[in-house]
Asker: 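Dumping the structure here so I can ask a few things about it.
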Amino acid sequence: MPELPEVETVARQLAPLVRGRTVVALRVLDPSLKHGRFPRMAGRHVTDVTRSGKRVLFHFSRGPGRNEGIWLAVHLRMTGRLIWVDEARRSELAHLRARFRLDRGSLLFYDTRRFGTFQFYQSFEETEPEGVDPLSPGLNSRELGRMIGKSNQNIKAWLLRQDRLVGLGNIYASEILFVAGISPLREAASLNAAEHRSLLRATRRVLRRAIKNCGTTFSDFQDTRGLTGSYQNYLTVYGREREPCPRCSAPVVRFVQQQRSTYHCAQCQK
DNA sequence: ACCCTCCTGTCA
DNA sequence: TGACAGGAGGGT
């Protein structure tokens, strides 16, 4: 599930469910999830769940009224899922990698491919990613142009770099470039100011619309209170090889770029 | 700036 | 059986 809109959706859905609850125990079932030592979690309070780039960020305070505490960033990678179950519910065990037992319920971390990661931090500053959030109001197209600078990467690859903009992945990179009318093969540095503007505008339009639709969900297994997005119904080019371009009806082209599928309309994207 | 790899599952 | 899957860190 995990590009910016999906992670935003997870955080928004999870926050009201777990905020204010006390941790009874954290059990890690997949040892490879444990990089370094995990802090003791019992007795801590969940104060908030937010998004940081593509990661779900949990804040735990030490007591009900205390502000200091620790942060946990969960990266879902390709197949991670965070599922809330109340205490009465029996949970699926297949691919269960970790379980937070909270008062009156559990937060379960499932991850088929086991690429997901848990990372603990002692301060909020440490959690902050290097890249800029594309939805942050402080970002404008001039700044985007400055960030792109003289990069000779193609623009698709550049958009996937998490040390520049955070949150874009393979689906939304293709979608954004289609909406912006920019070819994924263009050298990033070759974009002009007008294209920086349309690129940023397309980025925000696509991401906001995807968030409104709770993201994109493929292979919609019946979730136990997980999420099921609907943005897959609005995808213009991604996964639509040989289907007509929604703008000009030319067939959508798929090709491999940096070992990943890119979809585009060769007519509309220059 | 690229290719490979981590891991498991599904589809043609 | 091989290609492919929403990600990213490591090596060259």
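Just so we're on the same page: letters track the sequence lines, and every chain starts at 1.
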Asker: Can you check nucleotides 10-12 of chain C for protein contacts, nitrogen or oxygen pairs under 3.5 Å, and list what you find?
Answerer:
none

Asker: Expressed as a whole number of angstroms, how long is the span from A:Q259:CD to C:dG9:C1'?
Answerer: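 In whole Å, C:dG9 C1' and A:Q259 CD are 14 Å from each other.
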Asker: May I have all residue pairs that pass ring-ring contact (aromatic ring centres under 6.0 Å, His included) and include part of residues 244-270 of chain A, sequence neighbours excluded?
Answerer: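 Matches after skipping sequence neighbours: A:Y238-A:Y263, A:F255-A:H264.
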Asker: Under 4.0 Å, counting only non-hydrogen atoms across every strand here, what does A:S32 touch: a base, just sugar-phosphate, or nothing?
Answerer: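 Contact class for A:S32: none.
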Asker: Side chains of A:Y172 and A:T216: donor-acceptor distance under 3.5 Å anywhere?
Answerer: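 The answer is yes; a qualifying pair exists.
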Asker: Tell me: CD of A:Q257 to P of C:dC4, nearest whole Å?
Answerer: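 So the two atoms are 15 Å apart, to the nearest Å.
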Asker: Between A:E6 and A:T9, is any side-chain donor less than 3.5 angstrom from a side-chain acceptor?
Answerer: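 Per modelled atom types, A:E6 and A:T9 side chains form no pair under 3.5 Å.
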Asker: Not counting sequence neighbours, which residues clear ring-ring contact (aromatic ring centres under 6.0 Å, His included) with A:F178? List them please.
Answerer: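 Expected list: none.
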Asker: For A:R12, what residues pass the side chain to side chain donor-acceptor pair (under 3.5 Å) criterion, not counting sequence neighbours?
Answerer: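 A:E8.
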Asker: Run A:Q257 and A:N154 through side chain to side chain donor-acceptor pair (under 3.5 Å) and show every step you take.
Answerer: CA-CA 9 Å; A:Q257 213 173 4; A:N154 60 63; 3.3 Å; yes
Asker: Take the protein atom CD1 of A:I171 and the nucleotide atom C1' of C:dA5, then report the distance between them rounded to whole Å.
Answerer: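 It is 10 Å, rounded to the nearest whole Å.
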Asker: What integer distance in Å separates A:W158:CH2 from B:dA1:P?
Answerer: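 To the nearest whole Å, that distance equals 12 Å.
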Asker: Whether A:R260 contacts C:dA8 is assessed here as follows: a side-chain N or O lying under 4.0 Å from the phosphate OP1 or OP2. Is that the case?
Answerer: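 Answer no for this pair, as no side-chain N or O of A:R260 is under 4.0 Å from OP1 or OP2.
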Asker: Measure from the side chain of A:Y263, starting at C-beta and using heavy atoms only, and say which of B:dC2, C:dG7, C:dA5 lies closest.
Answerer: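 My answer, after comparing the listed nucleotides, is C:dA5.
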Asker: Answer yes or no as to whether B:dC7 has its base stacked against A:F115, where stacking requires a ring-centre separation under 5.5 angstrom and planes under 30 degrees apart.
Answerer: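 The base of B:dC7 is not stacked with A:F115 (the test needs centres under 5.5 Å and planes under 30°).
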Asker: Nearest whole angstrom, please: distance from the C1' of C:dA8 to the CG of A:L159.
Answerer: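 Taking CG of A:L159 and C1' of C:dA8, I get 16 Å after rounding.
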Asker: Residues two or more places apart in sequence or in another chain: which of them pass side chain to side chain donor-acceptor pair (under 3.5 Å) with A:R186?
Answerer: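 With sequence neighbours excluded, A:R186 shows a side chain to side chain donor-acceptor pair (under 3.5 Å) to A:S190, A:E195, given in chain and number order.
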Asker: Around atom NZ of A:K270, are there more than 12 heavy atoms from other residues, nucleotides or ligands closer than 6.0 Å?
Answerer: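 For A:K270, atom NZ is crowded (more than 12 foreign heavy atoms under 6.0 Å).
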Asker: Determine the interatomic distance between P on C:dG11 and the same-named atom on B:dC7; round to the nearest Å.
Answerer: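 That atom pair is separated by 16 Å.
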Asker: Determine the interplanar angle of the A:F118 and A:F38 rings, folded into 0 to 90°, and report it as parallel if under 30°, tilted if 30 to 60°, perpendicular if over 60°.
Answerer: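 Answer is parallel, since the angle falls under 30°.
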Asker: Quick one: which residue pairs count as a side chain to side chain donor-acceptor pair (under 3.5 Å) with a foot in residues 200-209 of chain A, not counting sequence neighbours?
Answerer: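 For residues 200-209 of chain A, and leaving out neighbouring residues, there are no side chain to side chain donor-acceptor pair (under 3.5 Å) pairs at all.
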Asker: Can you tell me how far C1' of C:dC4 sits from CZ of A:F255, to the nearest Å?
Answerer: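 Answer to the nearest Å: 17 Å.
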Asker: Rounded to whole angstroms, how far apart are CZ on A:F218 and P on C:dC4?
Answerer: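 The answer, rounded to whole Å, is 16 Å.
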Asker: Does A:H75 place a side-chain N or O at less than 4.0 Å from the phosphate oxygens OP1/OP2 of C:dG7?
Answerer: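 Checking C:dG7 against A:H75, no side-chain N or O comes under 4.0 Å of OP1 or OP2.
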Asker: Of the listed nucleotides (C:dC4, C:dG7, B:dA1), which one gets closest to any side-chain atom of A:E3?
Answerer: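 Taking heavy atoms from C-beta onward, the closest nucleotide is C:dG7.
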Asker: Could you check how far CD of A:Q258 sits from P of C:dG9, rounded to whole Å?
Answerer: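 Going from A:Q258 (CD) to C:dG9 (P), I get 16 Å.
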Asker: Listing time: all N or O pairs from protein to nucleotides 8-10 of chain B that are below 3.5 Å?
Answerer:
{"unit_1": "B:dT8", "atom_1": "OP1", "unit_2": "A:R114", "atom_2": "NH2", "d": "3.1"}
{"unit_1": "B:dG9", "atom_1": "OP1", "unit_2": "A:H95", "atom_2": "NE2", "d": "2.9"}

Asker: Counting only side-chain N and O atoms of A:T117, is one of them less than 4.0 Å from OP1 or OP2 of C:dA8?
Answerer: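 It does not, given that no N or O in the side chain of A:T117 lies less than 4.0 Å from OP1 or OP2 of C:dA8.
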Asker: Return the stems involving DNA chain C, sorted by first number, where pairs are Watson-Crick (N1-N3 with N6-O4 or O6-N4) or G-U wobble (N1-O2 and O6-N3), both under 3.5 Å, and runs are 3 or more long.
Answerer: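 Only these stems qualify: B:1-6 with C:7-12, B:8-12 with C:1-5.
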Asker: Can you tell which of C:dA8, B:dA1, C:dC4 lies closest to the side chain of A:Q153?
Answerer: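 So the side chain of A:Q153 is nearest to B:dA1.
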Asker: Which of these nucleotides, B:dC3, B:dA1, B:dC7, is closest to any side-chain atom of A:R161?
Answerer: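 For A:R161, the side-chain atoms sit closest to B:dA1.
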Asker: What residue pairs, at least two apart or across chains, pass side chain to side chain donor-acceptor pair (under 3.5 Å) with a residue in residues 127-137 of chain A?
Answerer: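 Non-adjacent pairs meeting side chain to side chain donor-acceptor pair (under 3.5 Å): A:R51-A:D133.
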Asker: Taking any heavy-atom pair under 4.0 Å as a contact, classify A:N152: base, sugar-phosphate, or nothing.
Answerer: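 The answer is sugar-phosphate, as A:N152 gets under 4.0 Å only of primed atoms, P, OP1 or OP2.
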Asker: Taking only residues two or more places apart in sequence, or in another chain, which ones meet A:R104 in a salt bridge (charged side-chain N to carboxylate O under 4.0 Å, His left out)?
Answerer: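 In terms of salt bridge (charged side-chain N to carboxylate O under 4.0 Å, His left out), with neighbours along the sequence ignored, A:R104 is linked to no residue.
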Asker: Map A:V256 and A:L160 onto DNA chain C by nearest heavy atom, then report which one ends up closer to the 5' terminus.
Answerer: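 On the 5' side of the pair lies A:V256.
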Asker: Let's see if you get this right: which residues in residues 162-170 of chain A place a heavy atom under 4.0 Å from DNA chain C?
Answerer: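 Within this stretch, A:Q162, A:G169, A:N170 sit under 4.0 Å of the strand.
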Asker: Is any side-chain heavy atom of A:T22 closer than 4.5 Å to one of A:V46?
Answerer: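 Contact flag for A:V46/A:T22 side chains = no.
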Asker: On the 0 to 90° scale, with breaks at 30° and 60°, tag the A:F100-A:F60 ring pair as parallel, tilted or perpendicular.
Answerer: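 Parallel: the ring planes of A:F100 and A:F60 meet at under 30°.
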Asker: Please, which pairs that meet side chain to side chain donor-acceptor pair (under 3.5 Å) have at least one residue in residues 31-41 of chain A, sequence neighbours excluded?
Answerer: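 Listed by first then second residue: A:D30-A:S32.
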Asker: Which is true for A:R55 with a 4.0 Å heavy-atom rule: it touches a base, it touches only sugar-phosphate, or it touches nothing?
Answerer: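 The answer is nothing, as A:R55 stays clear of every strand by at least 4.0 Å.
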